Every structure is written in structure tokens, then in C-alpha cells.
Amino acid sequence: MANRLVATAEQTALLEVREVTKAFPSPDGKGFIQVLSPLSFSIRAEEWVVVVGPSGGGKSTLLRILLGLIPPTSGEVLVHGKPLRGVHPNAALVFQQFALLPWLTVLENVELPLRAKGIPRLERLKRALAVIDMVGLDGYESAYPRELSGGMKQRVGLARALVVEPELLCMDEPFSALDVLTAENLRAELLRLWLERKMPTKAIVMVTHNLEEAVQLADRILVLGGRPTRLRAEIEVDLPHPRSPDSPSFRALLDDLYQWMTDPTRPDQKVVVATEISPQPFVPLPHARVGGIAGLLHILADVGGQIDLHELAHRLHLSIDDLLPIVEAARLLGFMEVKEGDLILTEKGIDWLKADILKRKEIFRDLVIQIPLIARIVSALRSTRNKTLPMDFFLDLLDEHFGEDEARRQLQTAIDWGRYAELFTYDATTDMLRAEE
């Protein structure tokens, strides 16, 4: 199956991002936290652009700026050369979660945006039925969301986005809530619709944390990274479809992408002018447990202290995406380095492995207390008379920076690390954190 024709840079961009930044008020109200440093890129017709980057790095925030759902702090978004004011008039969004109204049928959910636009009933029905058939839901028009599987619910979400015939289709991790087989099937069907020009859209922008998915689908990959987030690399993908994950070219591109994701010292492919920014109060924690970090280091030690990340994932029968949080956690703590796609055990990692359990805790405690989120929790707990605070106190603080779901995940990781380091405890029955003596 051949690629769609990719538009040249000389063609008028459907959308342009010019020096866009985003900052949010700090919790104390005395300053701002800059999430996005100046970003500049364009979206052209006939291309599928995938945005990748670390968790909590502002990918979803960027997507919402492109849609006009939230304004940039500075810079501008241009649609066909004109500044975007308010919501993008010809774009649609597919959510990570299905976001269906449970009291409406499949047909009614798909018709909903047409109803909001005031489209006459017969025209709504005609367009909704056509797109329902397109995504493979013919026969389920009268079904309610509770009767559908996860994959079918996401098909409804896709149909609801496509029924307005958007020029730009945005997708925020659309397959992450699905099981592996369902995600693979829906991904393949969506790609087929795109390549065969059966979708009423001119360009796709998708956010994902799955790097193999990015290489499988993208015409161009934007790699975000850093604190605040910047555009580290822009990778053109010229591999023909269908793309085999076992092909040398696929693996080479995937390895290159992993290097961008795991090596913060690698020089950016595109130079971005730095501006004065507020310090970042929280470095997002990779979602990895201490046991997982220890297991990774033991494996590294067993293979001589160095192994290619892709080879390790193959040996463990895991996707590299599953390993990345553990890799990032070990790197953050200084237990290992990542160079040109290889994981390398450091002297600090070797010392930690050789230590007994009490010494391990001591080493771990000295390292994690330097991480801003852990330090802030410990400081807040020790500032109270009984050295105790409710979990909701910290969730409220983190929600300002990460959103509700990610805030809870960040705090759960912090609790796991803090417990192991014996810096604080957590009582699940009372939802209270208490500082250790």
C-alpha cells in the first residue's frame, strides 16, 4: 500500500504554530510555571503528524492550543495564514477516553456535533449513517455505549469526530485505553481509511506515548522534550506502507527515536531561542516502582552492564514503551546512563546493587530527597505540628501542573519512592501522609 502524497513545504500550511508558549499560574499565585517554551512548526495537507514526548511534557496542552480550546501565553496559531481566534472552526478531536454520553445511542452520539451546528435532521441522519458505516459500526446504530466494547466505543468517538468533515483531525492518545489486540486492529483500520482517502480530513495530528505506533503511522514526527518543553527534533518518515516492525529501516528509525527520548544531552535538531522562564517547581516522576528499577539494574548487571534498549525489550517480551518509565527513573537517579540507544550501568548503580537493604534505602533516600516533588512533600509534612497532611492537599497542588489523573499518578509514584526511602508513610484507610522521624 503506497503512502499518500505528502505536501511540499512550499504549499500553504493548513496550520502554523509560531513561537507559541504556555505558562500556568504557580500554586502560590506569585509567578508562573512555563510548560511550553517557544514552539514553531507547521501542519501541511496530506500528512499525518505524530507528537511524542515524556509524560507530563505538555503534549495534550499543545494539542488543545492547536484546537483553540485554550489560548497560548504568547505566540500565535495561524489557520490558512490567519490568526486563530477562539475554537478552530474546521477541526475535531478524538479523546483518549471515549467521552460518550451513556443515555444516547450510537447514532445519537455521532449526530450530536451536527445537532450543535444546527444541521437539518435528514442531513444529520444521512451523514451520521455514512460515517458509522465507514468505521465499521453498521448495525449498531441503536446500541447504547454500555453495550459496546472498548474498541467499538472508540470507533463511535472517531465517527463523531469525522461526521463534521474536519479539515484537521486531532487525536489525543486514541488507542491507549484499549487492549493491545483491539488497539492494533483499530490502528490498522484507521490507517487504511487514511491511505485510501476515505476519511473526510486533510491532515491528522496525533499525540502518543507509543513510539512504535508513531513510526507505524506518521509522515512526520515531532519530538518534544526538556523542561519547559521544546521541539527537540522533527523527523520525516519516508518509509512505504505497509511498515513492518521487523524491517531494518523501521528498527533503525525506532532506535533513533528512542535515543531522542532517552538522551537529554543529545543536541537538538532544531535550534530554539531561549527566553527568560520561571523555574519548574516539579520535575515529573517517571511512573516506575522501586522494584522495577532494581530489576532493571540486576538485568543490566547480568549482561555485563550494557545492552541495547530494543534488544532488552525483545528479551523481556515487552514493548519499549513499557520499559521507558523504568529506564527514565534509573537515569534520573543516576543508576544508569543512556547513550546512542544503549543502557549503561553506572558506578552508582553498581554500588546500590551491592549494598544491603539498609544501605540501599540510605542511598535511595539521599537521591530522591533532591527531587523537587519529594522534597516538597517532606518539607510540607515536617512543617505541621503532627507531621501529617491529607493526600488531597498534595493532589490539589499537583493538579495545577499535571491535571487530575496525572496528578494522582505522580503522587502514587512519589509515595512509593518516599515509603521505600523511609521519608514518609501513607495510610490508605485515612488517605493521610506522615513524615518519618
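All residue numbers refer to positions in the sequence shown, counting from 1. These numbers were taken from a predicted model, which means no experiment stands behind them.
Within 6.0 Å of the NE2 atom in His314, the count of heavy atoms belonging to other residues, nucleotides or ligands does not exceed 12. Within a 6.0 Å sphere centred on CZ of Arg360, other residues, nucleotides and ligands contribute more than 12 heavy atoms.
Side chain of Thr413 to backbone of Arg409: a donor-acceptor contact under 3.5 angstrom is found. Judged by distance alone, with hydrogens and angles left aside, the side-chain atoms of Ser37 form a donor-acceptor pair with the main-chain N or O of Thr229 at under 3.5 Å. The backbone N or O of Leu15 sits nowhere less than 3.5 Å from a side-chain atom of Ser42 that would complete a donor-acceptor pair. A donor-acceptor pair under 3.5 Å links the side-chain atoms of Glu141 to the main chain of Gly139, judged by distance alone. Panel note: side chain Thr21, backbone Pro38; no donor-acceptor pair is recorded below 3.5 Å. Judged purely by atom type and a 3.5 angstrom limit, Glu311 has no side-chain atom pairing as donor or acceptor with the backbone of Ile307.
One finds the CD atom of Glu337 at 10.0 Å from the CD atom of Gln306 (value rounded to the nearest 0.5 Å). Taking CD1 of Ile204 as the reference point, atom CG of Asp219 lies at 9.0 Å (rounded to 0.5 Å). Atom CG of residue Leu296 and atom CZ of residue Arg331 lie 13.0 Å apart, to the nearest 0.5 angstrom. Within the model, atoms CG of Leu353 and CZ of Phe335 stand 8.0 Å from one another, a figure rounded to the nearest 0.5 Å. Atom OG of Ser142 sits about 9.5 Å away from atom CD of Glu108, to the nearest 0.5 Å. Within the model, atoms NZ of Lys22 and OG1 of Thr73 stand 4.5 Å from one another, a figure rounded to the nearest 0.5 Å.
Counting heavy atoms from C-beta outward, Arg192 and Lys198 have side chains that approach closer than 4.5 Å. Between Pro286 and Leu332 the shortest side-chain heavy-atom distance falls below 4.5 Å. Side-chain contact between Leu324 and His209: absent, with no pair of heavy atoms (C-beta onward) separated by less than 4.5 Å. Considering only heavy atoms from C-beta on, Met171 comes within 4.5 Å of Trp48 through its side chain. Within the 4.5 Å cutoff, no side-chain heavy atoms of Val51 are placed close to those of Leu63. Leu186 is listed as a side-chain neighbour of Gln154, based on a closest heavy-atom distance under 4.5 Å. A 4.5 Å side-chain heavy-atom check between Val20 and Val77 finds at least one atom pair inside the cut-off. Ile119 has its side chain within reach of Arg127: a pair of non-hydrogen atoms, C-beta onward, lies under 4.5 Å apart.
A salt bridge is defined here as a Lys NZ or Arg NE, NH1 or NH2 lying under 4.0 Å from an Asp or Glu carboxylate O, and Asp172 with Lys59 fails to meet this definition. Comment: Arg44 engages Glu47 in a salt bridge, judged by a side-chain N to carboxylate O separation of less than 4.0 angstrom. A salt bridge links Glu189 to Arg155: at least one charged side-chain nitrogen sits closer than 4.0 Å to a carboxylate oxygen. With respect to Glu213 and Arg187, a salt bridge is recorded, a charged nitrogen being found less than 4.0 Å from a carboxylate O. Under a 4.0 Å N-O distance rule, the pair Glu46/Arg197 qualifies as a salt bridge. With salt bridges taken as basic N to acidic carboxylate O contacts below 4.0 Å, one links Glu234 and Arg220.
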- Apply side-chain contact (heavy atoms from CB on, under 4.5 Å) to Val106 and Tyr144, showing your working. CA-CA 6 Å; Val106 167; Tyr144 288 91; over 6 Å; no

- Message: Is there a salt bridge (charged side-chain N to carboxylate O under 4.0 Å, His left out) between Asp246 and Arg251? Walk through the geometry before answering.
- Response: CA-CA 7 Å; Asp246 296 323; Arg251 291 171 64 90; 5.1 Å; no

- Task: Verify side-chain contact (heavy atoms from CB on, under 4.5 Å) between Glu19 and Leu39, making sure each step is shown before the conclusion.
- Result: CA-CA 5 Å; Glu19 297 295 307; Leu39 296 175; over 6 Å; no

- Task: Evaluate side-chain contact (heavy atoms from CB on, under 4.5 Å) for Leu14 paired with Val79, printing each intermediate quantity in order.
- Result: CA-CA 6 Å; Leu14 298 182; Val79 177; over 6 Å; no

- Derivation of the side-chain contact (heavy atoms from CB on, under 4.5 Å) call for Ile65 and Leu36: CA-CA 11 Å; Ile65 290 175; Leu36 300 178; 3.9 Å; yes

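Side chains of His80 and Glu167: a donor on one and an acceptor on the other come within 3.5 Å. Under 3.5 Å, the side chains of Gln410 and Glu406 contain a donor-acceptor pair of N or O atoms. If you check the side chains of Thr208 and Glu173, you find no donor sitting under 3.5 Å from an acceptor.
Ring orientation note: the planes of His310 and Tyr258 are tilted relative to one another, at an angle of 30° to 60°.
Of all the heavy atoms in Ala329 and Trp417, the pair that sits closest is CB-CZ2, 3.9 Å. In terms of heavy atoms, Ala288 sits closest to Ile293 at CB-CG1, 4.4 Å. Summarising the geometry of Asn109 relative to Arg160, their closest heavy-atom pair is O-CD, 3.4 Å, with the distance given to 0.1 Å. Nearest heavy atoms, Pro145 versus Leu100: CG-CB, 4.0 Å. Shown here for Leu107 and Leu125, the closest heavy-atom pair between the two residues is CD2-CD1, 3.7 Å. Looking at every heavy atom in both residues, Arg289 comes nearest to Asp416 through CA-OD2, 3.3 Å.
The side chain to side chain contact (heavy atoms under 4.5 Å, CB included) test with Leu253 singles out one residue from Asp238, Leu211, Val215, and that residue is Val215. Shown are Val135, Val163, Leu137; of these, the side chain to side chain contact (heavy atoms under 4.5 Å, CB included) with Leu158 is made only by Val135.
The ring pair (Phe, Tyr, Trp, His ring centres under 6.0 Å) search around Tyr420 returns Phe364, not counting sequence neighbours.
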